[in-house]
Structure formats: C-alpha cells, structure tokens
Amino acid sequence: MTQTEYKIYIDDVIRRVETARLQVSGHHIVKIVAVSKYSQASEIEKLYKIGQRAFGENKVQDLKTKSNELEELPLEWHFIGNLQKNKINNLLDINPTLFQALDSYELALELQKKLEAKGMILDCLLQVNSAKEESKHGFMPEETEEIYAKITANCKNINLKGLMSIGAHSEDSIVVKQSFQTTYKLYKTLPNATICSMGMSGDFELAIECGSNMIRLGSVMFNK
Ligand SMILES: *Cc1c(COP(=O)(O)O)cnc(C)c1O
C-alpha cells in the first residue's frame, strides 16, 4: 500500500478500536502496539509516518534487526514473544520499552541476575495462560497473584506493570470472552498494575470490552 492508502486503511482500524472503547463504561485509553513480525522495516516506517510509535516483535533477532534498521526513528519497542534464557543479554542490549511475556519464575530469576549485572531496570508484564491451553506459555491463573508478589519482592530490577494474555483459541466468542475476563479479574487484584495487554487482530474488540488497555495488532494493522 502507498502512504495515502495506509492512512485511509488505518482510519478504519482506529475507528473499530474507538467504537469498542466507547462502549465500555468509565472509558479508558487503549494503546495500540503494532506487531510488526510479518512486516518489513519499510512498512513500519509507513505506520510511523501516520503517527504509530509502539511496535512489537516476538523474536529477539528480528527485534534487533528492525530496531537497528530504524534506529533514527523515535520508536518504542515491545518484546512479546517467548524469551529463551540464552537470549536475555541480546534482548537487554536492545533495551526494549516493555517485555510483555515473562512466563516463568526461573526466567525472572535469570533476568534479574542479568539486569542487576548491567545496572538496568526492565518494565515487564507477566504472561497468563488464562484459558489453560497446552500450546501456550504463561502462568496458570491460580498461581499468578502469588508469583507476581514473589517477583516483585525478589527481583528488584524487574518492574512489573501488569499482565499480558492471548485470548482462548476458540471459534466460540463466549469462550474467548471468558479468557479475557479471567485475565482482567486477575489484573484488578494486582497492586500497582497499570497495563492489561490483551486482544489481537481477531479479537481486540472483545478484549477492549473486557477491560484491555493495550492491544497487540499485527495482521489488521499492516493489512496482511
Ligand atoms: C503475533 C502476535 C500478535 C499479533 O497477532 P495478529 O493476529 O496478527 O494481530 C499479538 N500478540 C502476540 C503475543 C503475538 O505473537
């Protein structure tokens, strides 16, 4: 798409987000993270030119390549994928704005060690496997509150800001909705949590309806 076509296309996405947002009582601002994992730096630049600032990648190597290619732009990078322990240093070298997928206590301890050694603080979200799916990473809903407190107490260089979850993999919107409601309910119990990241291209309106204040849009944002 050309820059002009992108502009018109994005208006429609923003309109959908806004319509969903306005249906929630006590309106809250919903932040869009444009997931660029299927897109090139040139496409990211097009979105940047119409005002998008936050982008997300799910592989450390891709994050590194694209953030390097676009380093002259004031972008905000989110890491949204599973982080292997041997990639922690690579991620920290990029110094992302938010690591959204902290999914095990062992990873938190390892991350804490490396952060402390580098004298860095990293904003993170705990990933919750709200629908308890085998195929997904993340903490079980019943353990999340306790682990959140444990990481807050023991990992001083990890700044927990809330939760991230992927909606249930189901055609049934009631099932998807239940998974979002589980995440939101947990989010509300956490002290000082400000980010509830849920909703992707196929289900963001439902996620917003359930209280999400950060949506991660890949295909719909880049028209893939
Ligand atoms: C790929 C991905 C997204 C975006 O997916 P779309 O369906 O393309 O919007 C969001 N969150 C995570 C964790 C992802 O891996």
Side-chain angles (χ1 to χ4, degrees), residues 1 6 9-10 12-18 20-21 30-41 43-44 46-47 52-67 75-84 87 91 94 96-104 107 122-139 141 144 161-171 173 175-177 179-180 182-184 186-187 195-224:
M1 280 195 290
Y6 239 124
Y9 173 79
I10 285 297
D12 187 52
V13 178
I14 306 283
R15 204 173 287 121
R16 285 176 62 191
V17 172
E18 191 58 9
R21 187 184 78 84
V30 178
K31 175 159 177 152
I32 301 172
V33 176
V35 176
S36 47
K37 65 187 184 196
Y38 311 118
S39 305
Q40 312 285 326
E43 298 169 278
I44 296 172
K46 278 185 191 159
L47 272 188
Q52 180 65 27
R53 292 293 177 271
F55 293 88
E57 287 286 335
N58 69 342
K59 294 204 177 84
V60 175
Q61 187 53 49
D62 292 346
L63 178 58
K64 189 176 172 171
T65 309
K66 291 177 198 174
S67 60
L75 303 182
E76 178 185 304
W77 289 101
H78 293 233
F79 188 64
I80 62 170
N82 178 245
L83 179 62
Q84 290 164 299
K87 299 278 170 62
L91 181 70
I94 302 161
T97 299
L98 183 64
F99 170 38
Q100 297 206 14
L102 185 50
D103 61 1
S104 81
L107 178 63
L122 184 64
D123 287 348
C124 298
L125 304 180
L126 286 198
Q127 184 172 354
V128 187
N129 187 353
S130 295
K132 303 187 176 183
E133 290 161 316
E134 288 262 343
S135 58
K136 283 196 185 121
H137 293 281
F139 295 103
T144 301
K161 303 203 71 158
L163 302 178
M164 185 275 267
S165 190
I166 298 172
H169 184 73
S170 170
E171 297 289 306
S173 67
V175 175
V176 181
K177 190 170 181 177
S179 70
F180 289 145
T182 299
T183 308
Y184 185 71
L186 266 173
Y187 162 71
I195 301 176
C196 181
S197 172
M198 54 188 197
M200 305 178 14
S201 295
D203 56 20
F204 68 90
E205 284 138 320
L206 197 53
I208 293 169
E209 199 185 300
C210 296
S212 168
N213 60 13
M214 182 176 280
I215 53 179
R216 308 176 308 274
L217 304 183
S219 38
V220 79
M221 205 63 186
F222 288 94
N223 192 21
K224 300 269 160 168

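Both ligands and their constituent atoms are indexed starting at 1 by order of listing.
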Residue among Leu98, Leu107, Leu102, Leu83 satisfying side-chain contact (heavy atoms from CB on, under 4.5 Å) with Cys124: Leu102
Using modelled atom types only, decide if a donor and an acceptor are shared between the side chain of Ser170 and the backbone of Val176 within a distance under 3.5 Å. no
Does Ser212 use its side chain to pair, donor to acceptor, with the backbone of Met198 at less than 3.5 Å? yes
Run through Ser36, Ser67, Ser39 and flag the one making a side-chain hydrogen bond (donor to acceptor under 3.5 Å, both in side chains) with Glu57. Ser36
When you compare the side chain of Gln100 with that of Ile195, does any pair of heavy atoms fall below 4.5 Å? no
Give the residues near ligand 1 by chain and number, with the criterion being a heavy-atom distance under 4.0 Å. Val35, Lys37, Tyr38, Ile80, Ile166, Met200, Ser201, Arg216, Leu217, Gly218, Ser219
Return yes when atom CD of Glu133 has more than 12 non-hydrogen atoms of other residues, nucleotides or ligands closer than 6.0 Å, and no otherwise. yes
